[in-house]
Amino acid sequence: PAEPTLVLRLKFLNDTERLARVRPGDTVGALKRTYFPGQEQQVRLIYQGQLLRDDAQSLAGLHLGHLSVLHCHLSPPSVAPTAPRTPGPRSPAPTALGVGSLALPLFVLLLALLWYLQLQHRHVFTATATTCLAGLTLLVTFVAFAMYRR
């Protein structure tokens, strides 16, 4: 007699679902090849919180029932590294370090210099100038934490 078929629910992160008809003797790898052709390396199947790593494992060994849910995660395809090109006569030179990436360290250096001058030459700085320096220091601190917190 023919082996009975199971219907599995393949549930994706965006809450969409696909139904998969499989036989209990099929393997995890066969399921991936059938329902994700060409994407077998990018798909991750999760059943009852466990990542199904072994492609040779049979579905019967997982004790899947009719309409069991397999969560599917599709990773973006990895780009194969290409051989580095030798720059030709028309190739632009590699870009230097951008000014934008240096702006915050330069502001911090400038603030450190201003604080040094304020401490060494207190008579030159008025109360308003010191208050503005403190406010600017707070602003740059918040910006630095916001930038590097990501």
Side-chain angles (χ1 to χ4, degrees), residues 1-119 130-150:
E3 194 175 13
T5 60
L6 289 174
V7 176
L8 302 177
R9 294 170 45 205
L10 303 177
K11 188 167 184 162
F12 297 89
L13 291 177
N14 62 1
D15 283 336
T16 60
E17 286 189 17
R18 280 175 62 186
L19 295 179
R21 292 192 183 282
V22 296
R23 293 186 308 272
D26 289 346
T27 62
V28 172
L31 175 69
K32 288 180 182 180
R33 283 189 299 279
T34 304
Y35 289 93
F36 305 96
Q39 296 177 310
E40 295 91 347
Q41 299 303 318
Q42 287 93 25
V43 70
R44 302 284 180 259
L45 297 175
I46 300 164
Y47 178 62
Q48 292 183 339
Q50 297 296 318
L51 179 63
L52 305 181
R53 298 177 198 273
D54 185 9
D55 283 351
Q57 184 176 21
S58 73
L59 299 177
L62 295 171
H63 306 291
L64 295 169
H66 186 67
L67 294 178
S68 290
V69 176
L70 285 176
H71 294 275
C72 305
H73 176 263
L74 281 171
S75 305
S78 60
V79 179
T82 58
R85 290 184 10 206
T86 55
R90 294 187 190 181
S91 295
T95 57
L97 192 60
V99 175
S101 63
L102 293 175
L104 189 61
L106 287 174
F107 275 126
V108 170
L109 189 63
L110 180 65
L111 281 173
L113 176 66
L114 286 172
W115 277 111
Y116 173 77
L117 290 173
Q118 198 277 339
L119 293 172
T130 304
T131 304
C132 288
L133 183 58
L136 188 61
T137 302
L138 279 174
L139 179 67
V140 170
T141 303
F142 286 132
V143 169
F145 278 111
M147 283 178 61
Y148 292 110
R149 188 174 170 203
R150 296 182 215 166

K.L.:
I need the minimum non-hydrogen distance between Gln41 and Arg44, along with the two atoms involved.
P.N.:
O-NH1, 3.1 Å
K.L.:
Pairs under 3.5 angstrom only: tabulate donor-acceptor contacts from the side chains of residues 131-146 to other protein residues two or more places apart or in another chain.
P.N.:
from, atom 1, to, atom 2, distance (Å)
Thr131, OG1, Ala127, O, 2.8
Thr137, OG1, Trp115, NE1, 2.8
Thr137, OG1, Leu133, O, 2.7
Thr141, OG1, Thr137, O, 2.7

K.L.:
Determine, stepwise, if the pair Asp26 / Thr34 fulfils side-chain contact (heavy atoms from CB on, under 4.5 Å).
P.N.:
CA-CA 10 Å; Asp26 289 346; Thr34 304; over 6 Å; no
K.L.:
Look at the side chain of Glu40 and the backbone N and O of Gly38, then say whether any donor-acceptor pair between them is shorter than 3.5 Å.
P.N.:
yes
K.L.:
Which atom names give the shortest non-hydrogen contact between Leu70 and Tyr47, and what distance separates them?
P.N.:
CD2-CB, 3.4 Å
K.L.:
Side-chain contact, heavy-atom cut-off 4.5 Å: Thr5 with Val22?
P.N.:
no
K.L.:
Do Val43 and Tyr35 come close enough that some side-chain heavy atom pair is under 4.5 Å?
P.N.:
no
K.L.:
How far does CG of Leu109 sit from CG of Leu113, to the nearest 0.5 angstrom?
P.N.:
7.0 Å
K.L.:
Compare all side-chain heavy atoms of Leu52 with those of Leu31 and state whether any distance is below 4.5 angstrom.
P.N.:
no
K.L.:
Quick one: pull up CD in Gln50 and CG in Leu62 and give me the separation to the nearest 0.5 Å.
P.N.:
10.5 Å
K.L.:
Report, as yes or no, whether the 6.0 Å neighbourhood of atom CZ on Phe107 holds more than 12 heavy atoms from other residues, nucleotides or ligands.
P.N.:
no
K.L.:
How many angstroms lie between CD in Gln48 and NE2 in His71, if you round to the nearest 0.5 Å?
P.N.:
9.5 Å
K.L.:
Is the shortest heavy-atom distance from the side chain of Cys72 to the side chain of Leu45 under 4.5 Å?
P.N.:
yes
K.L.:
Taking all atoms of both residues into account, what is the closest heavy-atom pair of Ser58 and Gly25, and its distance?
P.N.:
CB-O, 4.3 Å
K.L.:
Quick check: do Leu64 and Leu8 have side-chain heavy atoms less than 4.5 Å from each other?
P.N.:
yes
K.L.:
Considering non-hydrogen atoms only, spot the tightest contact between Pro4 and Pro24 and give its length.
P.N.:
O-CD, 3.0 Å
K.L.:
Would you say Arg9 and Leu19 make side-chain contact, with heavy atoms under 4.5 Å?
P.N.:
yes
K.L.:
Determine, step by step, whether Leu59 and Val28 satisfy the side-chain contact (heavy atoms from CB on, under 4.5 Å) criterion, reporting the C-alpha distance in whole Å, the side-chain angles of both residues, the deciding distance to 0.1 Å, and the verdict.
P.N.:
CA-CA 6 Å; Leu59 299 177; Val28 172; 4.2 Å; yes
